Chemist: 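Pasting a structure here, questions to come.
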Amino acid sequence: MTWVVTGGAGYIGSHVVAAFAAEGIPSIVLDDLNSGRTAFVPDGVELHHGSITDAPAVAEVLRRPGVEGVVHVAALKYAGVSVREPLDSYRVNVEGTRILLDECLKADVRNVVFSSSAAVFGTPDTDLVTEDTPKNPESPYGESKLIGEWLLRDVARAAELNGDRPFRHTSLRYFNVVGSGIPTVYDVSPHNLFPILLAAVTEGRTPTVFGDDYATPDGSCVRDYIHVADVASAHVAAARALAAGRDIAPAYNLGRGEGVSVKEIIAAVADVIGRPVSYDVGPRRPGDPARIVTSSERAQADLGWTAQYDLHEMVQSAWDAWNVAAAEGTARLG
Ligand code: UDP
């Protein structure tokens, strides 16, 4: 049985496709190539070039024979950009998800794994976030992901009320996804710490730490970094559980439960590249919580999922993939 992976040509989506393939689960990619790249789609996997906001394109892939479910990764993902361009986030992340779900129902595709985000929590007032921590998104991006979760919940509730075949879903809330599990795929984001650091050290520029006067041990922000291959394997576990009709939770937080500061990431990069990395300290970036770290106990209990990779492996694999692209002349952000 086949899964449609929206955004499957992107950094995270292509890792999901590869994880499915490694488990013998076929997939079809639907991607508008806005931030995805054709070269990121694993060999042998069909790329259908189209947007989730284009109902006929969505319908075409969902009506392929044997489609069992959708992993919905496609989105505009830059929280900072979303503050300046809120309607774009709502158009793609909310309206695109609405269209996708509408077409899922019409095609009778009733299993959906949704890419949600730590951004739904905003700035939590707890050291260890759980799935039940209050949701206070601070950007249109975070809001759009929370609305996506609500859309899934509402569609499932309506199916139940209407006596339709059950609509089964879960949302995976990614914390800070980094690293590479495919030698030729790297994070292309011009806004995230890892790619910014790797590009800076390659190009001889000095990166900037956005604020070191936070109430954290070294003053820089603390995040829960997780390897993209670990995130991908959670999708396999979630898809399997949905397909098997198992009762799973509406949402799972995916992290390692370990807080790492920006300065510690810079030190880890220095360790991997074998030379010191100097940095400037700039002003705080608006909307950055001082610390956000999650427990993933629920994912472990329900999905049998635990993160396998440590910080060194995350930095090393990101650095290796960036260098493969650099050697090919294809290393660029954006
Ligand atoms: N960051 C930084 N300098 C940069 C980019 C990011 O200090 O050039 C910090 C940012 O303030 C945050 C952490 O790195 O504390 C992770 O940022 P990223 O954008 O990768 O992910 P986010 O946590 O915002 O989802």
Side-chain angles (χ1 to χ4, degrees), residues 10-12 35 73 75-84 89 93 115-124 127 129 133 135-146 172-180 186-228 231 253-270 277-294 311 314-315 317-319 322 333-334:
Y11 163 59
I12 296 175
S35 58
V73 185
L76 294 183
K77 73 169 186 174
Y78 304 134
V81 176
S82 79
V83 179
R84 291 172 195 281
S89 280
N93 300 0
S115 296
S116 188
S117 169
V120 301
F121 294 108
T123 305
D127 271 355
V129 169
T133 297
K135 318 298 177 296
N136 291 304
E138 286 168 7
S139 65
Y141 170 74
E143 291 160 2
S144 71
K145 286 293 170 183
L146 190 54
L172 302 180
R173 298 186 187 127
Y174 311 157
F175 279 61
N176 287 64
V177 185
V178 298
S180 174
Y186 59 97
D187 186 357
V188 303
S189 163
H191 304 287
N192 290 128
L193 180 63
F194 266 56
I196 287 173
L197 284 179
L198 300 184
V201 298
T202 308
E203 292 158 18
R205 285 182 287 105
T206 305
T208 301
V209 173
F210 294 153
D212 74 348
D213 56 351
Y214 287 94
T216 58
D218 67 17
S220 64
C221 288
V222 169
R223 295 286 180 274
D224 191 338
Y225 293 91
I226 178 144
H227 197 294
V228 65
V231 166
N253 295 353
L254 301 182
R256 288 186 315 132
E258 187 182 314
V260 182
S261 74
V262 175
K263 289 181 182 175
E264 287 171 328
I265 294 293
I266 293 174
V269 169
V277 175
S278 55
Y279 55 86
D280 295 328
V281 177
R284 292 181 176 195
R285 187 171 66 176
D288 269 346
R291 173 190 160 94
I292 178 161
V293 178
T294 187
L311 180 62
M314 293 185 228
V315 176
S317 63
W319 176 240
W322 174 254
L333 304 185

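Start at 1 and go down the list; that is how both ligands and their atoms are numbered. Predicted model only: the values in this text are computed from it and were never measured. The first residue of the sequence shown is numbered 1, and numbering continues consecutively from there.
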Chemist: Would Arg256 pass as a cation-pi partner of Tyr225, given that its NZ or CZ must be under 6.0 Å from the six-membered ring centre and within 45 degrees of the axis?
Modeler: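 No cation-pi geometry.
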Chemist: Could you go through the side chain to side chain donor-acceptor pair (under 3.5 Å) check for Ser116 and Tyr174 one step at a time?
Modeler: CA-CA 6 Å; Ser116 188; Tyr174 311 157; over 6 Å; no
Chemist: So Trp322 and Tyr186, would you call those rings parallel, tilted or perpendicular, with 30° and 60° as cut-offs?
Modeler: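 Trp322 and Tyr186: perpendicular rings.
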Chemist: What's the spacing between Lys77 NZ and Ser82 OG if we round to 0.5 Å?
Modeler: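 Going from NZ on Lys77 over to OG on Ser82, the span is 13.0 Å.
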Chemist: Any pair with a residue in residues 216-227 that passes salt bridge (Lys or Arg N to Asp or Glu O under 4.0 Å), sequence neighbours left out, goes on the list, sorted by first then second residue, please.
Modeler: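 Every salt bridge (Lys or Arg N to Asp or Glu O under 4.0 Å) pair that includes a residue of residues 216-227, provided the two are not neighbours, is Arg223-Asp288.
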Chemist: Students should find this: residues with any non-hydrogen atom under 4.0 Å from ligand 1. What is the answer?
Modeler: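 Heavy-atom contacts below 4.0 Å: Asn176, His191, Asn192, Leu193, Ile196, Thr208, Val209, Phe210, Cys221, Arg223, Tyr225, Val262, Arg285, Asp288.
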Chemist: If I take atom CG from residue Asn253 and atom CD1 from residue Ile226, how far apart are they, to the nearest 0.5 angstrom?
Modeler: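 Answer for the CG-CD1 pair, Asn253 versus Ile226, is 10.5 Å.
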